[in-house]
Amino acid sequence: MVEPLNIALAGLGTVGTGVVRLIETNAELIARRAGRPIRIAAVSARDRTKDRGVDLSSYVWEDDPAALASRSDVDVVVELVGGSDGPALTLARGAIGQGKGLVTANKAMIAHHGLELAAAAEKAGVALKFEAAVAGGIPVIKGLSEGAAANAIERVYGILNGTCNYILSTMEDTGADFGDVLADAQRLGYAEADPTFDIEGVDAAHKLAILAAIAFGVRLRFDAVETMGVSRVKAADIEQAHALGYVIRLIGTAEIDRSEGDMRLYQRVRPHLVPVGHPLAHVDGPTNAVVAEGNFMGRLLFQGAGAGDGPTASAVVADIIDIARGEKGAAFSMSAGELEAMEPASTGHRVGRSYIRFTVPDRPGVLAEITAAMRDANVSIESLIQKGDPDDDGEVIIAMVTHEVPESAVNAALHILEGSDSLTVQPLVMQIIGE
Ligand SMILES: NC(=O)c1ccc[n+]([C@@H]2O[C@H](COP(=O)([O-])OP(=O)(O)OC[C@H]3O[C@@H](n4cnc5c(N)ncnc54)[C@H](OP(=O)(O)O)[C@@H]3O)[C@@H](O)[C@H]2O)c1
């Protein structure tokens with residue numbers, strides 16, 4: 001008789017209950033694929049009395065998730081509590097320290113402590129797996145670390161946050177403003193009660209830093225991701241972008257930058273203008289998509305559900321099946337000691353077209369002041385639209401698209417305009433990506 005793989009689940013929320021349902025529903029198939037049954041031995045969450053829509057009566061309950069790490073009847077701990085530190089990190093360290101495999105969906109914890117946990121897992125000879133931490137149900141970590149393992153990957157980019165993508169594509173479809181769509185998204189469960197991490201780009205930055213480490217074989221540098229979210233995007237920007245043949249998407253990009261002599265790590269999360277013909281322009285709603293470019297494989301596109309109980313549980317259980325098969329692998333696709341330390345790239349020299357939105361008082365001279373600043377900073381303007389009638393505050397919008405210029409030139413122009421009473425709101429700059 002084959003011994004089951006015994007797991008403990010910490011966290012029985014959206015993902016945790018999804019994992020319970022999946023393991024119960026597909027038990028037989030999973031046992032055949034894994035070569036042994038997967039058995040839930042123990043579970044933990046905050047509130048034992050909560051009705052979670054799944055029957056937990058046959059599992060041992062621990063009030064303290066940390067207690068799961070020391071149970072002798074547990075081989076693998078599955079951390080689905082969340083948060084970069086606190087109980088999740090205590091449990092992760094405890095589980096690895098006790099020689100147990102660790103599976104987690106926690107991008108915040110991996111982005112902040114992934115290197116430490118990977119080194120500890122290697123030392124203890126146990127698996128650390130986090131497929132669900134990046135792009136939910138899309139097997140992008142497996143795709144990069146296994147399927148693309150033979151390639152030098154120099155660029156990975158994509159739509160990494162379903163909440164932002166839902167908001168932007170809904171603004172596009174309905175013409176509604178950011179705040180209204182966010183409120184709807186919260187009501188429909190596409191956005192958290194506290195949406196800050198999502199809408200300010202932090203969640204996408206967590207995922208991007210993890211992807212970059214795996215794709216390039218570099219030490220994870222979440223602190224070096226330049227991050228801007230979508231909360232400043234207005235319906236007017238979406239309208240202008242549309243008129244110019246673009247949609248707006250929050251794109252995370254990581255790249256090896258050689259322009260400063262040595263190899264540097266470029267990581268940025270920002271709203272971009274994406275041409276309507278680009279594959280990422282057709283990624284709508286809460287969907288995620290990741291593009292990776294390798295020197296032999298060419299361009300790969302991964303697309304699918306970036307969140308939700310089913311897709312995320314699917315990725316978590318795939319990791320558990322790997323461990324049941326005896327596949328430990330290296331957390332970041334190579335030994336933690338092999339990961340290269342790479343300094344962050346500066347961005348001023350990057351050349352491209354930018355969209356700049358100015359919010360200005362409706363009076364003479366303002367446009368002249370803006371265009372003079374552009375001229376003085378050597379930013380040549382491709383198009384400029386002043387948008388219709390002033391709003392209730394007497395303000396109008398000027399949307400400008402630059403020719404290909406270094407980002408430093410755009411920054412210099414905005415620096416000239418700093419403090420000017422012609423600008424009532426800080427200008428919004430979004431890069432335009434090519435076809
Ligand atoms: N939701 C998604 O679609 C998704 C997608 C990809 C990755 N993830 C990641 O998966 C993880 C879990 O997300 P989720 O959406 O399932 O979260 P969730 O619905 O908020 O569930 C969190 C669970 O953790 C438990 N918990 C929270 N604090 C605890 C504490 N101090 N001690 C013990 N248990 C505690 C909660 O217990 P109670 O239920 O008793 O309150 C709850 O069961 C996070 O790292 C998240 O980033 C989620």
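For ligands, and for the atoms within them, numbers begin at 1 and follow the listed sequence.
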Is there any protein N/O under 3.5 Å from an N/O of ligand 1, and what does the full list of such pairs look like?
from: ligand 1; atom 1: 3 (O); to: Gly308; atom 2: N; distance (Å): 2.7
from: ligand 1; atom 1: 16 (O); to: Thr14; atom 2: N; distance (Å): 3.2
from: ligand 1; atom 1: 16 (O); to: Val15; atom 2: N; distance (Å): 2.9
from: ligand 1; atom 1: 19 (O); to: Thr14; atom 2: N; distance (Å): 3.0
from: ligand 1; atom 1: 19 (O); to: Thr14; atom 2: OG1; distance (Å): 3.3
from: ligand 1; atom 1: 37 (O); to: Arg46; atom 2: N; distance (Å): 3.2
from: ligand 1; atom 1: 39 (O); to: Lys50; atom 2: NZ; distance (Å): 2.9
from: ligand 1; atom 1: 39 (O); to: Arg52; atom 2: NH1; distance (Å): 2.7
from: ligand 1; atom 1: 39 (O); to: Arg52; atom 2: NH2; distance (Å): 3.4
from: ligand 1; atom 1: 40 (O); to: Arg46; atom 2: N; distance (Å): 3.0
from: ligand 1; atom 1: 40 (O); to: Asp47; atom 2: N; distance (Å): 2.7
from: ligand 1; atom 1: 40 (O); to: Arg52; atom 2: NH2; distance (Å): 2.8
from: ligand 1; atom 1: 41 (O); to: Arg46; atom 2: NE; distance (Å): 3.1
from: ligand 1; atom 1: 41 (O); to: Arg46; atom 2: NH2; distance (Å): 3.0
from: ligand 1; atom 1: 41 (O); to: Lys50; atom 2: NZ; distance (Å): 3.3
from: ligand 1; atom 1: 43 (O); to: Leu12; atom 2: N; distance (Å): 2.8
from: ligand 1; atom 1: 43 (O); to: Gly13; atom 2: N; distance (Å): 3.1
from: ligand 1; atom 1: 47 (O); to: Lys107; atom 2: NZ; distance (Å): 3.4

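With Asp322 as the partner, the salt bridge (Lys or Arg N to Asp or Glu O under 4.0 Å) test is satisfied by one option alone out of Lys328, Lys142, Arg33: Lys142.
In this structure, the side chains of Thr347 and Tyr266 come closer than 4.5 Å at one or more pairs of heavy atoms. Considering only heavy atoms from C-beta on, Pro139 stays 4.5 Å or farther from Phe302 through its side chain.
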When you look at Glu260 and Ser346, which way does the side-chain contact (heavy atoms from CB on, under 4.5 Å) test go after all the steps? CA-CA 9 Å; Glu260 292 168 88; Ser346 53; 2.9 Å; yes
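Not a single salt bridge (Lys or Arg N to Asp or Glu O under 4.0 Å) links Arg219 to another residue, sequence neighbours left out.
A distance-only check finds a donor-acceptor pair linking the side chain of Asn151 to the backbone of Phe296 [under 3.5 Å].
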